[in-house]
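See structure below.
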Amino acid sequence: MQIGIIGAGIIGCAIAHELASRGAKVTVFERRGVARGASWASAGVLAPWIEAGHARKRSGVSGAPRATEPGGVQGAPPTEEDPLLEMCARSLALYDDFVDRVRADGGAAFDYARAGTLEAAFTEDQAAALRRTAQALASHGVRAAWLDRHDARALEPALGGGVLGGLRIDEHGFVEMPGLVDAVSVAARMRGAAFHSPVDITKIEPAPAGKVRIHAAGTTHTFDHLVIAAGSWANRLKAGGPSIRPVKGQLVRLKFDAAPATRVLWSEGCYMVPWRDGTLLVGATVEDAGYDERPTAAAVTSLLDAAAALLPATRDAGFVDVRAGLRPAPADGGGLPHIGAAPALANVTIATGHFRNGVLLAPLTAKLVADQLIPAR
């Protein structure tokens, strides 16, 4: 089966690897380069019991740069009434096997850790909300606990003096970005996938014998099926489906001689991801800025101020860079991504609208798309 994929971010590359692993002949087209869109500015946080709730609240964001919020689920454990959280939890359960398969297929080295998260409270209201969340999650089998100030500082000694305590969730973690996407693209190539970039797709149309044709840079390519994983640019391809709008996110990279924390840290103003090499990612703003991907001084300032409150040692860290990307959010404010048939074109599947959860949902998205096209034996 010959399958074309438009988009080489984490979603497109994960789908390419999964389909190629099942024997499909896969060709990927990317308008810029592998992991040069939203994946470039992702911190790689794997935290469904914080991030899924946060994504729901912020999918309708507008205005100036704002950072993340605490208490992601605020006492709402995974249930059938919360499909985004359920999807994110399912995908996290797939992550160990996903990483193992990528590494086994020759993907380059990248950081991946499941050391958990600690979400800090600075006010009594925040502390009360996180206590409720800890109780709700623990009652549903999630390894979570509220830590008072003493225990939180024992776990993470570098925490700021204003921290009253924190919510520890043990199953959470992070994966290095964009290193993961590079590794998945290599693993897909080792399975026979071909990548073409920079290539801009200008038209998609039906072809004889139930196939689908794309036009790109003066050439045409015909496939049995096409997958659109173009993120915030999916609407340009006029395949139908829900409208997607870009939501800008910026993060800052800092450098220490040694990692100042052992796990992902979260607060009202930011989150932090510590890599083993001493790099610390601080993210992330949520901005309604259209297709403007430029980093801004205002975003850097807000992130650094929030970082210093959570982890004072960041004031003396080395500054590496700031990254900005556009997350694909459903324009109607709904929290769920669109993974399924394109309404306007036969033999076309759309996989976009993941907003802040693209990295987390990549293994599940790849499996869902592949199961539709080439059911696993």
Side-chain angles (χ1 to χ4, degrees), residues 1-39 185 188-189 191-246 290-291 326-332 334 336-354 358 362 365-375:
M1 187 176 191
Q2 294 188 332
I3 301 175
I5 298 175
I6 302 174
I10 184 57
I11 297 298
C13 287
I15 293 170
H17 180 241
E18 185 66 33
L19 287 171
S21 297
R22 299 189 189 191
K25 184 176 181 181
V26 177
T27 306
V28 182
F29 301 88
E30 168 56 45
R31 62 190 297 270
R32 291 190 288 193
V34 171
R36 298 306 297 184
S39 298
S185 69
R189 288 184 178 97
R191 288 282 185 170
F195 283 70
H196 299 285
S197 66
V199 175
D200 198 18
I201 306 302
T202 57
K203 185 179 180 180
I204 304 172
E205 63 183 2
K211 297 181 184 294
V212 59
R213 179 183 297 118
I214 65 172
H215 295 256
T219 64
T220 61
H221 306 264
T222 302
F223 299 99
D224 299 308
H225 202 93
L226 183 68
V227 178
I228 297 175
S232 294
W233 286 268
N235 292 340
R236 297 171 60 250
L237 299 171
K238 297 180 174 59
S243 180
I244 299 298
R245 67 187 182 87
Y291 285 89
L326 302 178
R327 311 178 186 96
D332 62 4
L336 290 174
H338 181 86
I339 305 169
L345 293 166
N347 299 314
V348 176
T349 295
I350 299 175
T352 189
H354 295 76
T365 300
K367 183 179 185 305
L368 291 174
V369 171
D371 285 349
Q372 293 171 14
L373 303 182
I374 308 175

Is a side-chain N or O of [X] found less than 3.5 angstrom from the main chain of [Y], in a donor-acceptor match?
X: Arg22; Y: Ile374; result: yes
X: Ser39; Y: Gly9; result: no
X: Thr202; Y: His215; result: yes

If you define the side chain from C-beta out and look only at heavy atoms, does anything of [X] sit under 4.5 Å from [Y]?
X: Ile5; Y: Leu19; value: yes
X: Ile3; Y: Val227; value: yes
X: Arg213; Y: Pro208; value: yes
X: Val28; Y: Cys13; value: no
X: Lys211; Y: Gln2; value: no
X: Arg189; Y: Phe195; value: yes
X: Ile228; Y: Ile204; value: yes

- Query: Between Leu226 and Leu345, does a side-chain contact (heavy atoms from CB on, under 4.5 Å) hold up when you go through it step by step?
  - Reply: CA-CA 10 Å; Leu226 183 68; Leu345 293 166; over 6 Å; no
Could you grab the distance from atom [atom1] of [X] to atom [atom2] of [Y], nearest 0.5 Å is fine?
X: Thr222; Y: Glu205; atom1: OG1; atom2: CD; answer: 8.5 Å
X: Asp200; Y: Glu30; atom1: CG; atom2: CD; answer: 9.5 Å
X: Lys367; Y: Gln372; atom1: NZ; atom2: CD; answer: 10.5 Å

- Message: Between Leu237 and Ile201, is the side-chain contact (heavy atoms from CB on, under 4.5 Å) condition met? List the steps.
- Response: CA-CA 8 Å; Leu237 299 171; Ile201 306 302; 4.1 Å; yes
Of the non-hydrogen atoms in [X] and [Y], which two are nearest, and what is the gap between them?
X: Ser243; Y: Asn235; answer: OG-ND2, 3.5 Å
X: Asn347; Y: Val212; answer: O-CG1, 3.9 Å
X: Ser232; Y: Ile244; answer: CA-CG2, 4.1 Å
X: Glu18; Y: Ala366; answer: CG-O, 3.7 Å
X: Ile15; Y: Ala351; answer: CD1-CB, 3.9 Å
X: Ile350; Y: Pro343; answer: CD1-CD, 4.4 Å

- Message: Between Lys25 and Asp224 (salt bridge meaning N to carboxylate O under 4.0 Å), is one present in this structure?
- Response: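 No, no charged N to carboxylate O under 4.0 Å.
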- Message: Tell me whether the rings of Tyr291 and Trp233 are parallel (<30°), tilted (30 to 60°) or perpendicular (>60°).
- Response: tilted
- Any chance the side chains of Thr365 and His354 put a donor and an acceptor closer than 3.5 Å? yes
- Item | Set of side chain to side chain donor-acceptor pair (under 3.5 Å) partners for Thr349, sequence neighbours left out |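 Expected list: His225.
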